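Before any comments, here is the structure.
These figures come from a predicted structure and were not determined experimentally.
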Amino acid sequence: MTEKQERPTANLLHFAPQHWGEVERFTQFWSTTYSFDRMTQKRLRGIVGHYSKAGYLFQLAQRLAPGLDQDEKQLKEHGYSPAHNAKELAAVIESVFCEQYSVLDCCRAVLCGVFPSHGGIRKSTRGTFQKAFNGEIDEKVPVAIREALAKTKDWYFDLLKLRDEITHSNVGSCHRQDKSDCVTYMHDGLGSPGKSLVIENVMGVIKNYFDVINELLGAVFHELNRTLNDEPIEQMCGIFGGRFYQRVVRPSEAIDTNGGVCKSYKWFDLEENPDCPLKDSCRAYSRAKSDGAANEPTDADDQ
């Protein structure tokens, strides 16, 4: 009979503000200021979720792209190709477009939660952006947010049309142009009545959408972070050895892993419990210990 092996436990560092973007920062601290319903909270998390998912799909598309050469080889050798690689690539590319638009949907929903009664911020994503383009967003909405939404006019409707056609109608196809490494995407449901939409470098277009969407999110959530009350809130530091570790921290203190005051030291300092693996280098821990020592009763207090 073999000896039972202990299951290894993974460590997860959660509190790392130096690596957060503006959306992640707002996600951690919104509750100091706002009371979001469950749906708004899900959509807030969905911003990073869909942006990340689009990124993973784009990486997959880049790995699939060389397979177009196999389709071309079959065509030259046999006069026919089932184009399996091209179909797989087109499916993934179209999924990227849809995920990128979902980021905009979730962003708009969060703005509705922050500005529930402000004119121009609507439950329709296209309606909200159209209001922004027309300069019809309530002036009580910070100007930086209004300008960031209006600035998307050059690309928003192109992405919207792609998403609408892919989701509600037909799908497109991919191929590689002769003597070119660029992947071309074509859709006969878009473009003009007599000519299909052709995106000659679809990978470059996708990359550009990532850039402009990221710029929009950065501007909007940088401004939303400025609205947060600088009040202490509990944050999870991480999971070490299967145990949750926490600290109390204000938004202004969330600069790096040393911000705030350790909350969990009261139990992990006990002899029967494991230490926090980061305590020797964490100023949140040393700060908590100093505060705790300062608050301990003295001999004079006992008299």
Side-chain angles (χ1 to χ4, degrees), residues 43 46-109 124-130 133 151-217:
R43 287 169 173 168
I47 295 174
V48 173
H50 285 291
Y51 192 93
S52 298
K53 184 178 176 182
Y56 299 142
L57 288 167
F58 184 46
Q59 292 173 6
L60 176 58
Q62 292 173 309
R63 292 200 298 271
L64 291 174
L68 295 176
D69 294 339
Q70 184 177 349
D71 293 348
E72 183 66 21
K73 181 179 179 182
Q74 291 173 339
L75 186 61
K76 289 180 178 179
E77 292 180 354
H78 308 291
Y80 168 78
S81 171
H84 291 314
N85 295 285
K87 292 173 183 176
E88 288 180 351
L89 180 57
V92 174
I93 284 173
E94 291 180 338
S95 296
V96 175
F97 287 135
C98 291
E99 289 301 315
Q100 289 177 323
Y101 192 83
S102 292
V103 175
L104 303 182
D105 268 337
C106 289
C107 178
R108 186 271 316 154
S124 161
T125 299
R126 93 179 60 198
T128 298
F129 279 85
Q130 185 64 63
F133 303 152
K151 192 177 177 182
T152 68
K153 189 174 183 178
D154 292 339
W155 55 267
Y156 170 78
F157 284 114
D158 290 335
L159 182 58
L160 170 64
K161 290 175 183 177
L162 275 168
R163 193 293 304 257
D164 282 355
E165 184 70 18
I166 292 165
T167 304
H168 304 298
S169 186
N170 199 7
V171 296
S173 60
C174 285
H175 66 278
R176 198 193 302 277
Q177 296 279 21
D178 292 340
K179 300 179 182 179
S180 172
D181 291 331
C182 293
V183 176
T184 296
Y185 175 80
M186 185 173 69
H187 201 300
D188 60 10
L190 295 166
S192 62
K195 185 178 181 181
S196 298
L197 169 72
V198 177
I199 303 176
E200 293 187 353
N201 180 10
V202 70
M203 298 298 195
V205 170
I206 289 174
K207 176 63 168 59
N208 184 65
Y209 279 134
F210 276 117
D211 291 342
V212 292
I213 290 171
N214 188 56
E215 182 181 356
L216 169 68
L217 295 176

> Residues in ring-ring contact (aromatic ring centres under 6.0 Å, His included) with Tyr51, at least two apart?
Replying inline: Phe210

>> If you count every heavy atom of other residues, nucleotides or ligands that lies below 6.0 Å from Glu200 atom CD, does the total exceed 12?
In response: no

>> Test your reading of the model: is there a side-chain donor-acceptor pair from Gln70 to the backbone of His84, 3.5 Å cut-off?
In response: no

>> Rounded to the nearest 0.5 Å, what separates atom OG in Ser52 from atom CD1 in Ile47?
In response: 11.5 Å

>> For a 4.5 angstrom cut-off between non-hydrogen side-chain atoms, does Phe129 reach Thr125?
In response: yes

>> Side chains of Gln74 and Pro82, heavy atoms from C-beta outward: is any pair under 4.5 Å?
In response: yes

> Asp154: what forms a salt bridge (charged side-chain N to carboxylate O under 4.0 Å, His left out) with it, not counting sequence neighbours?
Replying inline: none

>> Quick check for you: to the nearest 0.5 Å, what is the distance between Leu190 atom CG and Ile199 atom CD1?
In response: 8.5 Å

> For residues 87-97, which residue pairs qualify under side chain to side chain donor-acceptor pair (under 3.5 Å), counting only residues two or more places apart or in two chains?
Replying inline: Glu94-Tyr185

>> Tell me whether the count of non-hydrogen atoms from other residues, nucleotides or ligands lying under 6.0 Å of CE in Met203 goes above 12.
In response: yes

> Considering residues at least two apart in sequence or located in another chain, which fulfil the side chain to side chain donor-acceptor pair (under 3.5 Å) criterion with Glu72?
Replying inline: none

> Quick one: side chain to side chain donor-acceptor pair (under 3.5 Å) partners of Lys207, sequence neighbours excluded?
Replying inline: Asp211

> What residues, two or more places apart in sequence or in another chain, satisfy side-chain contact (heavy atoms from CB on, under 4.5 Å) together with Asp188?
Replying inline: Asn170, Ser196

> What distance do Gln62 atom CD and Ile206 atom CD1 have between them, rounded to the nearest 0.5 Å?
Replying inline: 8.5 Å

>> Can you list everything that forms a salt bridge (charged side-chain N to carboxylate O under 4.0 Å, His left out) with Glu215? Sequence neighbours excluded, please.
In response: Lys151

> Given Gln100 and Val96, is the side-chain contact (heavy atoms from CB on, under 4.5 Å) satisfied, shown in steps?
Replying inline: CA-CA 6 Å; Gln100 289 177 323; Val96 175; 3.9 Å; yes

>> Holding to side-chain contact (heavy atoms from CB on, under 4.5 Å), I want the full list of residues that pass it with His175, two or more places apart in sequence or in another chain.
In response: Gln177, Thr184

> Under the side-chain contact (heavy atoms from CB on, under 4.5 Å) test, which residues partner Ala90, sequence neighbours left out?
Replying inline: Cys174

> Taking all non-hydrogen atoms of both residues, which atom of Pro66 and which atom of Arg176 are closest, and how far apart?
Replying inline: CA-NH2, 3.7 Å

> Quick one: NZ on Lys73 to NE2 on His78, what's the gap to the nearest 0.5 Å?
Replying inline: 8.5 Å

> Can you name the salt bridge (charged side-chain N to carboxylate O under 4.0 Å, His left out) partners of Arg108, sequence neighbours left out?
Replying inline: none

> Roughly how far, to the nearest 0.5 Å, is CG of Leu89 from OG of Ser173?
Replying inline: 10.5 Å

> Mind checking what makes side-chain contact (heavy atoms from CB on, under 4.5 Å) contact with Ala109, not counting sequence neighbours?
Replying inline: Arg43

Using residues 156-168 as the side-chain source, report each donor-acceptor pair under 3.5 Å to any protein atom, sequence neighbours left out, with the distance given to one decimal.
| residue | atom | partner | partner atom | Å |
| --- | --- | --- | --- | --- |
| Tyr156 | OH | Tyr101 | OH | 2.6 |
| Tyr156 | OH | Arg126 | N | 3.3 |
| Asp164 | OD2 | Arg126 | NH1 | 3.4 |
| Asp164 | OD2 | Arg126 | NH2 | 2.8 |
| Glu165 | OE2 | Ser169 | OG | 3.0 |
| Thr167 | OG1 | Arg163 | O | 2.7 |

